[in-house]
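Scroll down for the structure; my scribbles are underneath it.
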Amino acid sequence: MANHSCAGFLSFFVLVPLLMVAVESGLEFHVGGSRGWIVPAGDEAESYNRWAMRNRFHVGDSVYFKYKNDSVLVVDREAYGDCNTTDPLLAFDDGNTTFRFDRYGFFFFISGTPGHCEAGQRLIVRVMVHPEFAAAGPGPAPGLQPGGGSGSSSGSDSDFGSSSGSDTRPKRSDAAHAHVGFWAIMPGLGVVMSAVLSV
(Lines give C-alpha, C1' and ligand atoms only; values in the text may rest on other atoms or scores of the structure.)
Protein backbone atom coordinates (compact mmCIF):
# COMPACT_ATOMS: atom_id res chain seq x y z
CA MET A 1 0.00 0.00 0.00
CA ALA A 2 2.84 2.43 0.85
CA ASN A 3 4.51 1.66 -2.51
CA HIS A 4 1.35 2.67 -4.37
CA SER A 5 1.15 5.98 -2.48
CA CYS A 6 4.81 6.71 -3.16
CA ALA A 7 4.42 5.90 -6.86
CA GLY A 8 1.28 8.05 -7.05
CA PHE A 9 2.97 11.03 -5.45
CA LEU A 10 6.05 10.58 -7.66
CA SER A 11 3.87 10.45 -10.79
CA PHE A 12 1.97 13.52 -9.63
CA PHE A 13 5.18 15.52 -9.17
CA VAL A 14 6.42 14.45 -12.59
CA LEU A 15 3.18 15.31 -14.44
CA VAL A 16 2.46 18.68 -12.84
CA PRO A 17 5.68 20.32 -14.14
CA LEU A 18 4.94 18.89 -17.60
CA LEU A 19 1.47 20.39 -17.45
CA MET A 20 2.90 23.76 -16.43
CA VAL A 21 5.35 23.71 -19.38
CA ALA A 22 2.52 22.88 -21.79
CA VAL A 23 0.34 25.72 -20.51
CA GLU A 24 3.17 28.27 -20.61
CA SER A 25 4.28 27.51 -24.18
CA GLY A 26 2.67 28.33 -27.47
CA LEU A 27 3.12 29.05 -31.14
CA GLU A 28 5.47 31.69 -32.48
CA PHE A 29 4.14 33.71 -35.42
CA HIS A 30 6.70 35.43 -37.68
CA VAL A 31 5.40 38.89 -38.56
CA GLY A 32 6.17 39.64 -42.21
CA GLY A 33 7.35 36.10 -42.95
CA SER A 34 10.75 36.00 -44.62
CA ARG A 35 10.55 39.75 -45.37
CA GLY A 36 10.24 40.69 -41.72
CA TRP A 37 8.80 43.85 -40.18
CA ILE A 38 8.99 46.33 -43.08
CA VAL A 39 6.92 49.12 -44.62
CA PRO A 40 4.38 47.48 -46.95
CA ALA A 41 4.63 48.46 -50.60
CA GLY A 42 1.74 49.75 -52.71
CA ASP A 43 -1.67 48.19 -52.05
CA GLU A 44 -0.31 46.09 -49.18
CA ALA A 45 -0.94 48.76 -46.53
CA GLU A 46 -3.39 46.53 -44.64
CA SER A 47 -1.51 43.27 -45.13
CA TYR A 48 -0.35 42.95 -41.51
CA ASN A 49 -3.91 43.22 -40.18
CA ARG A 50 -5.33 40.90 -42.86
CA TRP A 51 -2.70 38.35 -41.86
CA ALA A 52 -3.55 38.76 -38.16
CA MET A 53 -7.28 38.29 -38.84
CA ARG A 54 -6.58 34.99 -40.64
CA ASN A 55 -4.66 33.60 -37.65
CA ARG A 56 -5.85 32.62 -34.19
CA PHE A 57 -3.70 33.89 -31.34
CA HIS A 58 -4.00 32.51 -27.81
CA VAL A 59 -2.43 33.30 -24.46
CA GLY A 60 1.07 31.80 -24.51
CA ASP A 61 1.58 32.41 -28.24
CA SER A 62 4.09 35.00 -29.41
CA VAL A 63 4.86 37.21 -32.38
CA TYR A 64 8.41 37.52 -33.68
CA PHE A 65 9.55 40.73 -35.39
CA LYS A 66 12.75 40.73 -37.50
CA TYR A 67 13.83 44.20 -38.68
CA LYS A 68 16.75 46.52 -39.50
CA ASN A 69 17.00 50.25 -38.79
CA ASP A 70 13.51 50.24 -37.29
CA SER A 71 11.71 49.45 -34.06
CA VAL A 72 8.55 47.88 -32.66
CA LEU A 73 6.35 49.88 -30.31
CA VAL A 74 3.54 48.40 -28.26
CA VAL A 75 0.93 51.15 -27.91
CA ASP A 76 -2.66 51.67 -26.81
CA ARG A 77 -5.62 51.86 -29.20
CA GLU A 78 -5.54 55.66 -29.46
CA ALA A 79 -1.81 55.83 -30.22
CA TYR A 80 -2.29 53.10 -32.81
CA GLY A 81 -5.04 55.05 -34.58
CA ASP A 82 -2.99 58.27 -34.54
CA CYS A 83 0.38 56.58 -35.26
CA ASN A 84 1.62 58.33 -32.13
CA THR A 85 5.13 57.14 -31.20
CA THR A 86 5.75 59.58 -28.33
CA ASP A 87 4.57 57.50 -25.36
CA PRO A 88 4.65 53.74 -26.12
CA LEU A 89 3.78 51.15 -23.49
CA LEU A 90 6.87 49.18 -24.58
CA ALA A 91 9.57 49.89 -27.16
CA PHE A 92 12.00 47.47 -28.80
CA ASP A 93 14.87 48.30 -31.14
CA ASP A 94 17.19 45.28 -31.16
CA GLY A 95 16.16 43.91 -34.59
CA ASN A 96 14.90 40.60 -33.16
CA THR A 97 11.88 41.03 -30.94
CA THR A 98 9.66 38.29 -29.58
CA PHE A 99 6.54 39.46 -27.81
CA ARG A 100 4.63 36.82 -25.81
CA PHE A 101 0.91 37.26 -25.18
CA ASP A 102 0.29 36.91 -21.43
CA ARG A 103 -3.41 37.84 -21.50
CA TYR A 104 -6.33 37.87 -23.89
CA GLY A 105 -7.54 41.01 -25.63
CA PHE A 106 -6.16 43.38 -28.23
CA PHE A 107 -2.48 44.26 -28.73
CA PHE A 108 -1.38 47.19 -30.89
CA PHE A 109 2.04 47.34 -32.58
CA ILE A 110 3.47 50.17 -34.69
CA SER A 111 6.84 51.05 -36.16
CA GLY A 112 8.72 53.73 -34.26
CA THR A 113 10.38 55.11 -37.40
CA PRO A 114 8.76 58.38 -38.59
CA GLY A 115 6.35 57.81 -41.46
CA HIS A 116 6.38 54.01 -41.30
CA CYS A 117 3.17 53.61 -39.29
CA GLU A 118 1.34 56.01 -41.58
CA ALA A 119 2.56 53.91 -44.53
CA GLY A 120 0.96 50.79 -43.04
CA GLN A 121 3.65 49.32 -40.80
CA ARG A 122 1.31 48.58 -37.92
CA LEU A 123 -0.49 45.56 -36.58
CA ILE A 124 -3.46 44.73 -34.35
CA VAL A 125 -3.50 41.27 -32.77
CA ARG A 126 -6.55 39.89 -31.02
CA VAL A 127 -5.65 37.22 -28.50
CA MET A 128 -8.60 34.92 -28.04
CA VAL A 129 -9.96 33.28 -24.92
CA HIS A 130 -10.13 29.48 -25.11
CA PRO A 131 -13.85 28.51 -24.82
CA GLU A 132 -13.28 26.23 -21.82
CA PHE A 133 -11.54 29.02 -19.92
CA ALA A 134 -14.16 31.62 -20.85
CA ALA A 135 -16.87 29.52 -19.19
CA ALA A 136 -14.88 29.46 -15.94
CA GLY A 137 -15.52 33.14 -15.28
CA PRO A 138 -14.09 36.56 -15.98
CA GLY A 139 -10.46 36.77 -16.99
CA PRO A 140 -7.79 39.35 -16.29
CA ALA A 141 -8.35 43.00 -17.03
CA PRO A 142 -7.32 43.90 -20.57
CA GLY A 143 -4.57 46.31 -19.48
CA LEU A 144 -1.06 45.67 -20.77
CA GLN A 145 1.32 44.16 -18.29
CA PRO A 146 4.94 45.10 -18.99
CA GLY A 147 7.35 42.28 -19.57
CA GLY A 148 5.36 40.51 -22.26
CA GLY A 149 8.09 40.96 -24.83
CA SER A 150 11.72 40.08 -25.13
CA GLY A 151 14.44 41.95 -26.87
CA SER A 152 16.04 45.29 -26.27
CA SER A 153 13.52 47.64 -24.74
CA SER A 154 14.13 51.36 -24.66
CA GLY A 155 12.11 51.52 -21.46
CA SER A 156 9.70 54.05 -21.96
CA ASP A 157 1.02 40.79 -42.89
CA SER A 158 3.33 38.29 -42.47
CA ASP A 159 1.65 37.74 -45.84
CA PHE A 160 2.38 40.40 -48.43
CA GLY A 161 0.35 38.55 -51.03
CA SER A 162 0.25 34.93 -52.03
CA SER A 163 3.04 35.38 -54.56
CA SER A 164 5.53 36.60 -51.96
CA GLY A 165 6.59 33.14 -50.90
CA SER A 166 6.49 34.25 -47.27
CA ASP A 167 6.28 31.47 -44.74
CA THR A 168 3.17 32.49 -42.83
CA ARG A 169 2.85 29.33 -40.79
CA PRO A 170 3.52 29.70 -37.08
CA LYS A 171 6.70 28.14 -35.74
CA ARG A 172 6.71 25.83 -32.75
CA SER A 173 8.27 27.23 -29.62
CA ASP A 174 10.87 25.13 -27.81
CA ALA A 175 8.22 23.53 -25.60
CA ALA A 176 5.01 21.78 -26.60
CA HIS A 177 2.14 23.73 -28.12
CA ALA A 178 -0.11 25.05 -25.35
CA HIS A 179 -3.45 24.29 -26.92
CA VAL A 180 -2.53 20.67 -27.66
CA GLY A 181 -0.19 19.99 -24.73
CA PHE A 182 -2.59 21.14 -22.04
CA TRP A 183 -5.43 18.91 -23.18
CA ALA A 184 -3.13 15.97 -23.93
CA ILE A 185 -1.78 15.92 -20.37
CA MET A 186 -5.07 16.44 -18.53
CA PRO A 187 -6.33 12.80 -18.81
CA GLY A 188 -3.04 11.49 -17.43
CA LEU A 189 -3.12 13.97 -14.59
CA GLY A 190 -6.69 12.91 -13.79
CA VAL A 191 -5.69 9.22 -13.65
CA VAL A 192 -2.76 9.98 -11.35
CA MET A 193 -4.87 12.19 -9.09
CA SER A 194 -7.60 9.55 -8.77
CA ALA A 195 -4.95 6.93 -7.96
CA VAL A 196 -3.39 9.18 -5.33
CA LEU A 197 -6.75 10.06 -3.78
CA SER A 198 -7.98 6.46 -3.73
CA VAL A 199 -5.01 5.28 -1.64
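Note that the structure is a prediction, hence the values are computed from the model and not measured.
- A distance of 5.5 Å separates CH2 in Trp37 from CG in Leu123, rounded to the nearest 0.5 Å.
- No side-chain donor-acceptor contact under 3.5 Å links Glu28 to the backbone of Tyr64.
- Rounding to the nearest 0.5 angstrom, the gap separating the NZ atom in Lys68 from the CD1 atom in Ile38 is 11.5 Å.
- You'll find the side chain of Asp102 stays beyond 4.5 Å of the side chain of Val59, heavy atoms only.
- Residues Tyr48 and Phe109 keep their aromatic ring centres 6.0 Å or farther apart.
- Ser111 and Asp70 make their closest contact through OG-OD1, 2.5 Å (heavy atoms, listed as atom of the first residue, atom of the second, distance).
- Side-chain atoms of His116 and Glu118 include no donor-acceptor pair closer than 3.5 Å.
- Aromatic ring centres of Phe107 and Phe101: separated by under 6.0 Å.
- The shortest side-chain heavy-atom distance between Leu73 and Ser71 falls under the 4.5 Å cut-off.
- Inspection of the Asp93 and Tyr67 side chains reveals no N or O donor paired with an N or O acceptor under 3.5 Å.
- Using cut-offs of 30° and 60° on the angle between ring planes, the pair Trp51 and Phe57 is perpendicular.
- Gln121 and Val39 get closest at one heavy-atom pair: OE1-CG2, 3.2 Å.
- A heavy-atom distance below 4.5 Å is found between the side chains of Phe99 and Val74.
- In terms of heavy-atom proximity, Pro40 sits nearest to Ala119 at CD-O, 3.9 Å.
- For Tyr80 against Ile110, the heavy-atom pair with the smallest separation is CD1-CG2, 3.7 Å.
- The closest donor-acceptor contact from the side chain of Arg56 to the backbone of Met53 lies under 3.5 Å.
- Closest approach of Asn49 to Ile124, counting heavy atoms only: OD1-N, 2.7 Å.
- Separation of atoms CZ (Phe29) and OG1 (Thr98) is listed at 13.0 Å; rounding is to 0.5 Å.
- In this structure, CG on Asp87 lies 11.0 Å from CD on Glu78, to the nearest 0.5 angstrom.
- Annotation: the span from Asp76 atom CG to Asp82 atom CG amounts to 9.0 Å, rounded to 0.5 Å.
- Minimum heavy-atom separation, Leu89 to Val75: CD1-C, 3.8 Å.
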